[in-house]
Amino acid sequence: MTFAEKLSLLTGVYKISNSRLARAIHVDTSLVSRWKTGERIPSALSPHIAAVASFFVQTDAYPYQRAYLDKLLAVLLREHKDADQQTRIHALASWLTSGDARELPDMPERMAISADGPDQLVGSIRQAVSGAAGPQPVLPSGSQAGWSKAVQPGTPVQSMLYRGLDGRRQAVVNLLQSVLGQDETCELLLVSEEPMDWLLGDPAFTRHWASLMLQMIRRGHQITVIHIVNRQSQDIALIVDYWLPLHLAGHMQSFYKPHYDDPAIRQSLFIVRNRLACRSLSSGPMDGQCVTEVSQDPVLVEHMTQVYAGYLSQCLPLLKAYGAHNAAELARELETWRSQRLITLSQHLNIDCLPARTTGRLAALHGDALPAQNQSAAMVIDLVPDALLEDILSQGAVIGSDCTLFLDQPFQLDPAESAEWLLTVATALRTRKDYELYLYPASDAAALGCSLACYENQAALFAPLKASRAFTILLQERNALYSLSLYLDRFITRIPTSQRSKPDVIRRLERTAELLQQKHEHASSAPPVP
């Protein structure tokens with residue numbers, strides 16, 4: 001393998017973008033790109049090689065990523081199974097620049113992210129944002145303890161079996177209809193290790209399923225869903241596309257559990273707590289190898305509920321919605337990400353640079369202190385449409401709802417405030433090395449369709465540009481964040497160089513402020529209309 005192939009292998013396994021690796025080892029992103037294409041080959045004595053090896057050995061990673069590196073190093077260090085960190089770094093650095101032909105460990109399955117995966121993810125999010133338990137069952141008593149060499153009967157139960165994907169669809173329809181037929185509210189627990197073919201393969205069923213789920217939520221039933229995700233951003237996009245609209249409707253919690261192996265037998269659980277359990281088993285992609293069991297037996301229902309609890313204990317939240325009602329909770333979350341590089345896409349300038357009197361007026365309307373976007377030494381890159389400056393000149397600055405500011409109606413600034421805001425942003429660009437403002441083409445603004453705040457490798461926030469009620473979606477699943485980093489890298493590279501140049505952007509801001517002040521002075525000095 002060549003150096004380019006080895007580096008691409010490691011960045012692929014670790015889901016590391018060129019820009020993130022470049023920042024970690026203090027080189028330009030273009031150099032990493034040339035390494036991976038083979039255009040540039042670093043010397044074996046280059047300090048960059050040691051830096052790359054050190055990064056992969058020491059970086060935080062998923063268990064499957066660490067396991068792959070451990071297997072690779074086990075091949076490279078056959079006589080040093082308990083090697084210390086420096087030995088591991090040296091071995092990896094030597095391998096990167098050598099012509100080592102030893103057989104490598106098998107790659108984790110389905111590692112590839114398709115070229116359109118990041119765009120599909122953002123597209124799904126854009127479309128989506130532009131949209132009490134009963135008593136515990138009493139277990140039967142009097143059963144024989146222990147076991148016997150003689151044949152002993154078990155406890156008979158009554159279940160219904162359904163075969164194939166259509167059988168599973170029918171079982172799920174039956175389950176949801178039974179919940180809708182209940183007078184009391186129910187709690188529905190969902191988890192599936194299986195492909196989404198049963199849900200998405202029949203459009204008519206998908207529409208009917210979505211309708212039934214929405215009816216459940218509107219009637220106050222609580223839904224908890226666990227998504228078993230692999231490393232493909234396409235799968236995350238499907239999850240967002242089909243589940244986020246339901247999540248936004250309320251009464252729904254979404255969690256995720258990374259799932260990187262390919263089990264011979266997969267299962268799905270659909271449980272109505274204390275009432276009904278539906279369990280599906282499949283052993284392959286063929287329709288006939290799928291069997292679904294539905295039972296009301298209290299022992300089975302309780303057992304499957306405990307199995308579900310085991311899944312849930314290993315999960316993290318996938319999606320969370322914020323609005324004005326829980327804005328304080330989001331503000332506390334923001335505090336934990338202050339040290340991370342922040343990229344924002346918004347329809348207005350940075351609110352941290354607002355004039356003091358404007359901040360006071362806006363805070364009074366907002367009902368609370370305004371959330372600060374980032375006050376640390378971390379890099380901040382604000383992306384706004386290039387047409388924004390023309391809009392400010394023609395009608396004054398307008399602040400709308402974004403990922404951290406919940407406004408149901410736009411907030412208008414007067415010309416003097418608008419000019420002062422422009423000049424404060426220009427000053428921040430001139431004095432802060434860790435702050436950038438890029439003016440992206442207006443055509444890309446329509447393609448995005450929502451505001452975005454991405455804290456690298458930690459969290460991403462999405463908010464609709466127009467909604468009857470302001471809200472923000474928090475996404476923290478690491479594979480989705482990696483996909484978003486690829487999307488943002490591509491988004492930024494499409495911006496013309498002149499619209500990323502600090503001196504050029506500062507000149508445009510100051511010129512717009514100057515014209516705005518002249519316009520305001522001219523209007524103030526004009527005689528009143530009789």
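Just the heavy atoms: all of them, side chains too, but no hydrogens, waters or symmetry mates, feed the values below. Model, not experiment: these values are computed from the prediction.
Within 6.0 Å of CD1 in I41 there are 12 or fewer heavy atoms belonging to other residues, nucleotides or ligands. Annotation for R40: atom CZ does not count as buried by contact number, only 12 or fewer foreign heavy atoms lying within 6.0 Å. Summarising the local packing, CD of E5 is surrounded by more than 12 heavy atoms from other residues, nucleotides or ligands at distances under 6.0 Å.
Note that CZ of R432 is 12.0 Å distant from OG1 of T427, once rounded to the nearest 0.5 Å. Atom CG of residue L423 and atom CD of residue E514 lie 9.5 Å apart, to the nearest 0.5 angstrom. Interatomic distance, CG of N350 versus CG of D382, reported as 4.5 Å (0.5 Å rounding). A distance of 4.5 Å separates CD1 of I343 from CD1 of I492, quoted to the nearest 0.5 Å. Put simply, CD1 on I217 and CZ on R219 are 12.5 Å apart, with the number rounded to the nearest 0.5 Å. The line from NZ of K36 to CG of L31 is 12.5 Å long, rounded to the nearest 0.5 Å.
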What do the steps show when you test T336 against Q458 for side-chain contact (heavy atoms from CB on, under 4.5 Å), and what is the final call?
CA-CA 9 Å; T336 66; Q458 293 294 318; over 6 Å; no
Go through K320 and E333 one step at a time and tell me if the salt bridge (charged side-chain N to carboxylate O under 4.0 Å, His left out) criterion holds.
CA-CA 12 Å; K320 190 167 185 179; E333 291 275 14; 5.1 Å; no
Test side-chain contact (heavy atoms from CB on, under 4.5 Å) applied to T358 and F411, step by step:
CA-CA 10 Å; T358 310; F411 181 86; 3.9 Å; yes
T344 and D402: side-chain contact (heavy atoms from CB on, under 4.5 Å), yes or no, with the steps?
CA-CA 10 Å; T344 72; D402 66 8; over 6 Å; no
Take L407 and L362 through the side-chain contact (heavy atoms from CB on, under 4.5 Å) test and state the conclusion after the steps.
CA-CA 10 Å; L407 296 174; L362 183 56; 4.0 Å; yes
Should D489 and R20 be marked as a salt bridge (charged side-chain N to carboxylate O under 4.0 Å, His left out) after you check the CA-CA gap, both sets of side-chain angles, and the distance that decides it?
CA-CA 10 Å; D489 283 346; R20 185 183 170 201; over 6 Å; no
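Ring-plane geometry between W421 and H348 is classed as tilted, the angle between the planes lying from 30 to 60 degrees on a 0 to 90 degree scale. Using cut-offs of 30° and 60° on the angle between ring planes, the pair Y440 and F491 is perpendicular.
When every heavy atom of Q222 is checked against every heavy atom of M252, the shortest pair comes out as NE2-N, 3.6 Å. The two residues S451 and S346 make their nearest non-hydrogen contact at OG-CA, 4.4 Å. Pairing each heavy atom of A463 with each of F471, the nearest pair is CB-O, 3.5 Å. Nearest heavy atom pair, residue A50 against residue I89, reads O-CG2, 4.1 Å. Contact detail for L509 and L422: the closest heavy-atom pair is CD2-CD2, 3.7 Å. Between I226 and C315, the shortest heavy-atom contact is CG2-SG, 3.5 Å.
Proximity of a side-chain donor or acceptor of Y308 to a complementary backbone N or O of L190 within less than 3.5 Å is detected. Side chain of S17 to backbone of L486: no donor-acceptor contact under 3.5 angstrom is found. Panel note: side chain E39, backbone R34; no donor-acceptor pair is recorded below 3.5 Å. For the pair Q412 (side chain) and Q395 (backbone), a donor-acceptor distance under 3.5 Å is present. A donor-acceptor pair is defined here as one N or O able to donate and one able to accept, closer than 3.5 Å; no such pair exists between the side chain of R430 and the backbone of I506. A donor-acceptor pair under 3.5 Å is absent between the side-chain atoms of S211 and the main chain of R207, judged by distance alone. A donor-acceptor pair is defined here as one N or O able to donate and one able to accept, closer than 3.5 Å; no such pair exists between the side chain of S501 and the backbone of T497. At least one donor-acceptor pair under 3.5 Å links the side chain of E417 to the backbone N or O of D414. Checking side-chain atoms of T206 against main-chain N and O of L199 turns up a donor-acceptor pair under 3.5 Å. Using modelled atom types, one side-chain atom of T472 and one backbone atom of C403 make a donor-acceptor pair closer than 3.5 Å.
Remark: the N18 side chain and the S33 side chain contain an N/O donor-acceptor pair separated by less than 3.5 Å.
Between E420 and T424, some side-chain heavy-atom pair lies under the 4.5 Å cut-off. Between I392 and L413, every side-chain heavy-atom pair lies at or beyond the 4.5 Å cut-off. The shortest side-chain heavy-atom distance between K15 and Q65 falls under the 4.5 Å cut-off. Put simply, the side chain of F255 does not reach to within 4.5 Å of the side chain of Y311, judged on heavy atoms. Using a 4.5 Å heavy-atom threshold, the side chains of R511 and L389 count as separate. Using a 4.5 Å heavy-atom cutoff, the side chains of L7 and F56 are in contact. Between L349 and L388 the shortest side-chain heavy-atom distance falls below 4.5 Å. Here the side chains of L69 and Y14 are in contact, with some heavy-atom distance below 4.5 Å.
For the side-chain contact (heavy atoms from CB on, under 4.5 Å) with I223, the qualifying choice from L189, L188, V179 is L188, the only one to do so.
Here F270 and W198 bring their ring centres to under 6.0 angstrom of each other.
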